Amino acid sequence: MPTCESRHSSQNRYIFDLDGTLAFDSPSGYGISPEVRSALRSLKASKPGDTFIVASSRASRGIRALLGSDCDLFDFYYSLNGALVLNSQFETVEKIEFEKSVACATAQLLSGKAIPFYVDRGDSFEVFGGGFDWLAHPSRVDSDFAEVCNLNPYGICKISLTIRDGDELQFQDSLSGAFSVNHHHDGVIDLTPGRVGKEVAVVRGQRRGERVTMFGNDNNDIKALSLADYGVVVGDEISSLRTMPRQRVERIPALASSVAGMLRKIAHDE
């Protein structure tokens with residue numbers, strides 16, 4: 001995998017998932033609370049020259065909408081689970097796409113089983129079979145399963161789907177190893193090309209001698225959290241990291257106040 005940060009190095013690297021890690025439901029709606037935003041800015045101010053990264057399954061459109069004016073805090077965005085890397089100006093510096101044959105075969109498999117899914121190119125996405133109501137955006141295109149034969153397979157960085165309770169999805173042997181599979185606790189499954197994942201952001205930092213701190217809450221954060229020098233698990237959705245020593249992984253409640261407190265603690269302690 002090519003390196004996209006060759007001119008950027010620092011002493012520390014801070015990587016943040018967004019949904020369920022920095023952003024939560026509240027009486028005023030879903031988003032990042034003022035307390036968390038303030039703590040993020042304080043951490044950034046206390047670490048001049050260090051690298052701040054967002055690693056999310058969201059595309060840039062969703063990242064921008066959620067962060068708003070706080071986009072200026074981050075140096076890189078590993079969007080679509082790391083398949084599309086953007087710099088601080090949201091310019092593409094690395095894009096890992098599905099092979100044409102893999103994208104077509106996967107789409108045909110899902111449509112044949114009537115499993116709703118969407119393909120994401122970063123700057124646009126196409127939904128097949130309906131659903132995904134929370135993904136309202138001008139770049140959205142809706143199509144029927146029958147239209148999958150007209151799918152443009154180029155530029156696809158992520159395929160996301162939902163499986164109903166009791167359903168099983170088995171991929172053909174010919175697709176084995178062609179993509180990474182990430183299960184979210186809300187039932188959404190993300191497919192990304194090859195071995196692409198958020199952990200790439202961790203490994204790149206460590207290769208530069210940076211100490212990496214990772215914040216995450218979901219199954220697609222497990223590898224990154226386990227590889228990081230220090231991991232902060234937000235909430236109780238991830239159980240597989242419970243045996244890791246506390247000096248490597250620490251758990252905090254899935255509350256904005258707890259996340260803000262941890263950010264302030266890191267700013268003060270390090």
Side-chain angles (χ1 to χ4, degrees), residues 17-19 23 30 54-67 71 77-86 90-164 167-172 174-198 200 218-220:
D17 172 50
L18 292 178
D19 296 288
Y30 184 80
V54 164
S56 174
S57 64
R58 288 179 177 238
S60 60
R61 58 183 179 272
I63 294 174
R64 286 175 182 265
L66 187 60
L67 288 177
C71 287
Y77 298 91
Y78 279 67
S79 66
L80 304 179
N81 288 321
L84 181 59
V85 184
L86 311 163
F90 284 92
E91 299 167 329
T92 299
V93 294
E94 181 178 23
K95 186 174 185 178
I96 310 297
E97 304 174 4
F98 277 95
E99 293 183 7
K100 177 182 175 181
S101 59
V102 172
C104 289
T106 304
Q108 290 169 1
L109 173 66
L110 296 174
S111 63
K113 293 180 177 290
I115 296 173
F117 69 98
Y118 70 91
V119 298
D120 207 318
R121 297 178 175 85
D123 57 355
S124 65
F125 64 108
E126 185 172 2
V127 178
F128 290 87
F132 305 99
D133 295 337
W134 66 91
L135 293 175
H137 192 269
S139 65
R140 172 173 175 151
V141 175
D142 281 274
S143 300
D144 297 328
F145 287 128
E147 298 177 84
V148 74
C149 59
N150 298 320
L151 171 68
N152 176 3
Y154 294 101
I156 297 173
C157 296
K158 188 182 77 166
I159 301 175
S160 294
L161 56 128
T162 55
I163 301 245
R164 298 178 296 269
D167 285 351
E168 291 187 6
L169 179 63
Q170 294 183 339
F171 294 104
Q172 301 164 354
S174 60
L175 298 176
S176 177
F179 45 69
S180 299
V181 182
N182 290 292
H183 295 257
H184 295 269
H185 64 259
D186 61 2
V188 175
I189 299 175
D190 291 336
L191 311 178
T192 48
R195 297 182 180 275
V196 168
K198 296 182 182 183
V200 173
D218 208 344
N219 291 325
N220 63 336

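Just so it is clear, the model here is predicted, and its values are computed rather than measured.
In this structure, the side chain to side chain contact (heavy atoms under 4.5 Å, CB included) partners of N152, at least two apart in sequence or on a different chain, are R121, Y154. Partners of S139 under the side chain to side chain donor-acceptor pair (under 3.5 Å) rule, at least two apart in sequence or in another chain, are H137. Legend: residues meeting side chain to side chain donor-acceptor pair (under 3.5 Å) with E97, ordered by chain and number and at least two apart, are absent. Under the ring-ring contact (aromatic ring centres under 6.0 Å, His included) criterion, F90 pairs with Y77, not counting sequence neighbours. N182 meets the side chain to side chain donor-acceptor pair (under 3.5 Å) test with no other residue; sequence neighbours excluded. Checked against side chain to side chain donor-acceptor pair (under 3.5 Å), D142 has the following partners two or more places apart in sequence or in another chain: R140.
Residues F117 and V148 form a side-chain contact, since some pair of their non-hydrogen atoms from C-beta on lies under 4.5 Å apart. Using a 4.5 Å heavy-atom cutoff, the side chains of F145 and L110 are not in contact. The side-chain heavy atoms of L67 and V54, taken from C-beta on, include a pair separated by under 4.5 Å.
Here the closest heavy-atom approach between residue A83 and residue C157 is recorded as CB-O, 3.5 Å. When all heavy atoms are compared, the tightest approach of D19 to Y30 is OD1-OH, 2.6 Å. The two residues F132 and L161 come nearest to each other via the heavy atoms CZ-CA, 4.0 Å. When all heavy atoms of D144 and F128 are compared, the pair lying nearest together is O-CD2, 3.5 Å. Contact between L191 and F98 at its shortest, heavy atoms only, is O-CZ, 3.5 Å.
With K198 as reference, D17 is the one residue of D17, N81, T192 to meet the side chain to side chain donor-acceptor pair (under 3.5 Å) rule. Between P193 and the choices I96, I159, V102, the side-chain contact (heavy atoms from CB on, under 4.5 Å) rule is met once, by I96.
The number of heavy-atom neighbours closer than 6.0 Å to CD of E99, taken from other residues, nucleotides and ligands shown, is 12 or below.
Remark: side-chain polar atoms of K158 are paired, donor with acceptor, to backbone N or O of S57 under 3.5 angstrom. The backbone N or O of L84 lies less than 3.5 Å from a partner atom in the side chain of S79, making a donor-acceptor pair. Checking side-chain atoms of T92 against main-chain N and O of L86 turns up no donor-acceptor pair under 3.5 Å. Between the D186 side chain and the V188 main chain, a donor and an acceptor come within less than 3.5 Å of each other. With hydrogens and angles ignored, the 3.5 Å screen pairs a side-chain donor or acceptor of R61 with a backbone N or O of G122. Distance alone, capped at 3.5 Å, places no donor-acceptor pair between the Q108 side chain and the A105 backbone.
A distance of 6.5 Å separates CG in D190 from CG in N220, rounded to the nearest 0.5 Å.
Side chains of H185 and N219: a donor-acceptor N/O pair is absent below 3.5 angstrom, by distance only.
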request  = Give the C-alpha distance, both sets of side-chain angles, the deciding distance and a yes or no for salt bridge (charged side-chain N to carboxylate O under 4.0 Å, His left out) between K95 and D123.
outcome  = CA-CA 12 Å; K95 186 174 185 178; D123 57 355; 5.3 Å; no
